[in-house]
Number of protein chains: 2
Amino acid sequence: MIKQSIKLTVDAVVFGYESDSKISVLLVKRRIAPYKGEWAIPGGFVKTSESLEEAVQRELKEETGVSISYLEQLYTFGESDRDPRERVVSVAYYGLIKPQDFDLNASTDAEEAEWFDIDELPELAFDHKRIIEVAINRLKGKVTYEPIGFELLDKEFPFSDLENLYVTLLGRPIDRRNFRKKMLSFGLLDELDKKSSTGRGRPANLFRFNSERYFSLKKEGFVFEI
Amino acid sequence: MIKQSIKLTVDAVVFGYESDSKISVLLVKRRIAPYKGEWAIPGGFVKTSESLEEAVQRELKEETGVSISYLEQLYTFGESDRDPRERVVSVAYYGLIKPQDFDLNASTDAEEAEWFDIDELPELAFDHKRIIEVAINRLKGKVTYEPIGFELLDKEFPFSDLENLYVTLLGRPIDRRNFRKKMLSFGLLDELDKKSSTGRGRPANLFRFNSERYFSLKKEGFVFEI
DNA sequence: TCAAAAGTGTTAGAGGTACACCCATGG
DNA sequence: CCATGGGTGTACCTCTAACACTTTTGA
């Protein structure tokens with residue numbers, strides 16, 4: 001039959017965000033050649049019997065200790081010179097998590113796992129720089145027409161966190177009043193009877209994203225658009 | 001090292017369109033097991049030394065005789081039960097061509113190649129029905145924010161062809177006057193000094209899509225949006 | 001002269017954008 | 001009482017959506 005010697009891997013670009021900060025990406029330091037000791041996005045070979053999503057989740061857990069709620073396929077990178085030793089095709093995913101929900105290095109499989117600001121990435125193994133670039137573009141595009149940004153925020157968040165997240169992602173200032181008006185007009189945010197007390201300034205009301213409501217509206221043809 | 005027995009294939013959902021008709025998909029009848037004799041989208045195993053795009057173009061040429069101008073990666077299908085015999089992961093692409101530019105069955109590699117209206121698909125091998133569905137959704141979404149529809153039309157086309165294409169793709173009536181106004185406002189269509197003479201009715205002016213202009217506008221941040 | 005398709009403007013309403021001041025709290 | 005961040009309304013303007021008649025040709 002067919003003689004094919006191509007290896008299949010999965011890789012994951014995991015984004016995190018903390019209030020008043022930049023978007024960051026989760027990287028691991030490689031324990032093995034090639035690119036031993038260099039930083040890379042988590043990932044590894046797919047087992048013959050597991051699905052691609054299972055493979056991503058497993059590798060992530062092994063190498064960084066995190067597990068992901070929002071995970072989406074990004075692109076498949078298959079140039080024949082990606083890996084210096086053999087033909088490796090990688091199905092890349094990207095995911096969003098709340099960094100504060102996890103301790104890194106909770107596992108023993110990775111030498112080191114660390115968050116890097118997307119504007120201050122180190123040298124990266126393979127074509128991982130490009131994969132991250134593609135993921136950033138996808139994320140920046142997608143937040144404008146799907147409410148995935150909430151995956152990066154706490155369950156209950158002050159409105160300013162949401163606003164800062166969008167300013168960071170879109171890379172441009174937005175009008176606070178207009179943004180709030182529009183966001184609230186969707187009816188997807190439940191305003192809670194709680195205040196955040198972050199120190200100085202007037203305490204903010206907390207909100208929660210109502211995802212059941214989003215899915216039911218979506219079925220009726222509603223389109224989120226910011 | 002790693003022991004992995006996963007085969008990698010590429011598959012292509014090729015769309016075509018002829019004036020006043022439905023969108024169609026190019027299918028081939030399989031010569032070999034599994035699913036021998038059933039209809040499937042063109043595709044096959046990736047050679048160890050070729051890129052994924054090269055593989056798609058090669059398989060398309062071999063099985064149907066067409067070569068594609070607009071080709072884009074769609075999604076990678078990797079469930080472990082896709083193929084009844086072994087683990088096969090398929091990187092699916094979708095492409096757009098003008099059917100009138102090619103004779104089908106120009107090659108000897110496929111038993112049969114034929115266009116099928118997307119609303120009248122036959123039974124399909126593997127999970128190809130699902131792949132086509134994903135491709136249709138992508139196409140329908142993408143025509144609204146990138147001017148890829150022109151890949152389905154002749155170089156020189158009457159405005160009504162464009163309008164009919166969008167009506168077909170969007171699946172809803174559109175206002176002729178508003179549509180023309182908006183399309184022309186982009187400045188991406190060159191009106192030619194020619195008329196089409198399709199038989200009855202007033203002859204239409206022919207237009208041509210100016211792709212150089214599109215790319216230069218795009219660099220400056222212009223966004224096509226219908 | 002009739003049938004078929006092409007071509008063309010205006011108006012009302014919705015939605016987007018721009019913009020500045022007061023409020024609640026902690027130090 | 002001051003510094004810090006939270007919360008709010010209005011007016012203009014642009015873009016969208018709705019809508020129908022005339023023109024050119026072939027039969």
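In what follows, chains carry the letters A, B, and so on, assigned in the order in which the sequence lines appear, proteins first and then strands, with residues in each chain numbered from 1.
For the side-chain hydrogen bond (donor to acceptor under 3.5 Å, both in side chains) with A:Asn205, the lone residue among A:Glu156, A:Lys195, A:Lys194 that qualifies is A:Lys195. The one candidate from A:Ile136, A:Leu74, A:Leu124 that meets the side-chain contact (heavy atoms from CB on, under 4.5 Å) condition with A:Ile131 is A:Leu74.
Rounding to whole angstrom units, CZ of residue A:Phe179 and C1' of C:dG15 are separated by 17 Å. At whole-Å resolution of the value, CE in A:Met183 and P in C:dG15 are 17 Å apart. The distance between atom NZ of A:Lys182 and atom P of C:dA18, rounded to the nearest whole Å, is 13 Å. Between the C1' atom of D:dT16 and the CZ atom of B:Phe186 lies a distance of 13 Å, rounded to the nearest Å. To the nearest angstrom, P of D:dC19 lies 16 Å from CD1 of B:Ile174. Taking atom CG of B:Asp161 as the reference point, atom C1' of C:dA5 lies 12 Å away to the nearest angstrom. Rounded to whole Å, the distance from CG on A:Leu162 to P on D:dG7 is 12 Å. Atom CZ in B:Arg172 sits about 11 Å away from atom P in D:dA18, given to the nearest Å.
For B:Ser160 and C:dA6, the shortest distance from a side-chain N or O to OP1 or OP2 is below 4.0 Å. Look at A:Asn205 and you won't find any side-chain N or O under 4.0 angstrom from OP1 or OP2 of D:dG6.
Checked by atom type, the side-chain pair B:Ser24/B:Asp117 shows no donor-acceptor distance below 3.5 Å. When only modelled atom types and interatomic distance are considered, A:Lys181 and A:Asn178 share a side-chain donor-acceptor pair under 3.5 Å. B:Tyr214 and B:Glu212 share no side-chain donor-acceptor pair at under 3.5 Å.
The aromatic rings of A:Phe179 and A:Tyr166 sit tilted relative to each other, their planes meeting at an angle between 30° and 60°.
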Self-check item: Chi angles and distances behind the side chain to side chain contact (heavy atoms under 4.5 Å, CB included) call for B:Leu184, B:Phe207
Solution: CA-CA 10 Å; B:Leu184 292 179; B:Phe207 289 83; 3.8 Å; yes
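B:Tyr35 has its ring centre less than 6.0 Å from the ring centre of B:Phe126.
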I'd like a table of atom pairs between the protein and nucleotides 21-25 of chain C - only N or O on both sides, under 3.5 Å - with the distance next to each one.
from   : atom 1 : to       : atom 2 : distance (Å)
C:dC23 : O2     : A:Arg202 : NH1    : 3.2
C:dA24 : O4'    : A:Arg202 : NE     : 3.4

Distances under 3.5 Å between nitrogen or oxygen atoms of protein and nucleotides 9-14 of chain C:
from   : atom 1 : to       : atom 2 : distance (Å)
C:dT10 : O4     : B:Lys181 : NZ     : 3.0

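Annotation: cation-pi geometry not satisfied between B:Arg208 and B:Phe157 (NZ/CZ under 6.0 angstrom from ring centroid, within 45° of ring axis).
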